[in-house]
**Student:** 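Once you've had a glance at the structure underneath, I'll fire off some questions.
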Amino acid sequence: MTTEKVNCLIIGSGPAGYTAAIYASRAGLNPVLYQGAQPGGQLTITNEVDNFPGYPDGVEGPQLMNDLERQAARFGTEIRYGVVTAVDFSGYPHKAIVDDQHEITANAVIISTGAAAKWLGLPSEMRLNGRGVSACAVCDGFFFRGQDVAIVGAGDTAAEEASYLAKLCRKVYMLVRRSEMRASKFMQNRVKTLPNIEILWNTETEEVLGEEEVTGVRVKNVVTGESSVLEVSGFFVAIGHKPNTEIFKSSVALDESGYIITEKGSTRTNIPGVFACGDAQDNIYRQAVTAAGTGCMAALDAERFLALKESEHPAVDRLAEVQTL
Ligand code: NDP
């Protein structure tokens, strides 16, 4: 195992990670950023991004991430391929292992590992991803204005996204696998009262149809056993997200869904010197711009932490406490 000491380690390369890197490098923290398994994060599998401020004509997701990467590199962030496979925050400085073979110790760690949308797991859903299949109505709904679409899911996200789509689309089929919804009563009422949303209860998706792009979806009523085809050009999946926080679960406090818990109004985790930003700690907003905003906050929080005199360092105090136990 090779070893290395760095000042500020950033784990993840979505809008949160790169924004943290821009601020951290400009503040002279000499950040080293590991890109993770999907360099650029979720936006690299999105087509056009129309809601990121500063791009009046929209921007392709991969282009946006490329721009953010170049901006972070311009101020000296060391951007590396590699996946952080383990961490140890029980002592100080903090430790991380990259690709099971390189040990890094860091004075401050910024976690920006993001989240991933859950998918149904149908081969047709994967094949048509980005060609009518999407896991983000706010990102992609605009492309289906005036058209008929279907959305699967029955939680708050599905209800919220169905309402959003109803404003743009002619008709929205909401595919609910049980005879009731998990969404809050308020959100349920909203989708039930919108005239262009049709809720199909007890309905599972069998296949997304289409060669080059989505032309329909074959669904099955699990009570009657009957299959039918809905002619739609968009198929939205809103069955939840999973934060990419598996490697942190025994090191940092997570909530019951696996999101990293941060102190209100900051990016501080329960471990001094470890900060979390972006979708890894946000199950409400989940937008590129909010991820970027918290990335900025994480770099500012890390800067303040690192500026403390060593004797005032909360992490050092904590370590002393642990050692005297
Ligand atoms: P949830 O886990 O709450 O809901 C997921 C939904 O997807 C459930 O209805 C579930 O069905 C359904 N589902 C899961 N797997 C499948 C499948 N294979 N086929 C069909 N349906 C499936 O996720 P959300 O993203 O909706 O919400 C996550 C959290 O974020 C919640 O706590 C929610 O309240 C919160 N949230 C709050 C918002 C707000 O306050 N404005 C907005 C958005 C989210 P089933 O019910 O049958 O298990």
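All residue numbers in this chain count up from 1 along the given sequence. Since we're looking at a predicted model, the values are computed, not measured. Counting convention: from 1, in listed order, for ligands and their atoms alike.
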**Student:** Where does ligand 1 get N/O contacts under 3.5 Å from the protein, atom by atom?
**Tutor:**
| from | atom 1 | to | atom 2 | distance (Å) |
| --- | --- | --- | --- | --- |
| ligand 1 | 9 (O) | Ala154 | N | 3.2 |
| ligand 1 | 9 (O) | Gly155 | N | 3.3 |
| ligand 1 | 11 (O) | Arg177 | NE | 3.3 |
| ligand 1 | 25 (O) | Thr157 | OG1 | 2.6 |
| ligand 1 | 26 (O) | Asp156 | N | 3.2 |
| ligand 1 | 26 (O) | Thr157 | N | 2.9 |
| ligand 1 | 26 (O) | Thr157 | OG1 | 3.2 |
| ligand 1 | 34 (O) | Asp156 | OD2 | 2.6 |
| ligand 1 | 41 (N) | Glu160 | OE2 | 3.0 |
| ligand 1 | 46 (O) | Arg178 | NH2 | 2.9 |
| ligand 1 | 46 (O) | Arg182 | NE | 3.0 |
| ligand 1 | 46 (O) | Arg182 | NH2 | 3.3 |
| ligand 1 | 47 (O) | Arg177 | NE | 2.9 |
| ligand 1 | 47 (O) | Arg178 | NE | 2.7 |
| ligand 1 | 48 (O) | Arg177 | NH2 | 2.9 |
| ligand 1 | 48 (O) | Arg182 | NH2 | 2.5 |

**Student:** Are Arg145 and Phe142 in a cation-pi setup, meaning NZ or CZ lies under 6.0 angstrom from the ring centre and within 45 degrees of the ring axis?
**Tutor:** yes
**Student:** Name the orientation class of the two ring planes belonging to Phe305 and Phe275 (parallel below 30°, tilted from 30 to 60°, perpendicular beyond 60°).
**Tutor:** perpendicular
**Student:** From the options Val289, Leu68, Thr294, Val49, select the one residue that forms a side chain to side chain contact (heavy atoms under 4.5 Å, CB included) with Pro15.
**Tutor:** Leu68
**Student:** Would you find a donor on one side and an acceptor on the other, under 3.5 Å apart, between the side chain of Asp99 and the backbone of Gly82?
**Tutor:** no
**Student:** Would you call Asp148 and Arg170 a salt bridge, using N to O less than 4.0 angstrom?
**Tutor:** yes
**Student:** Between Glu213 and Arg131, does at least one N-O distance fall below 4.0 Å, as a salt bridge requires?
**Tutor:** no
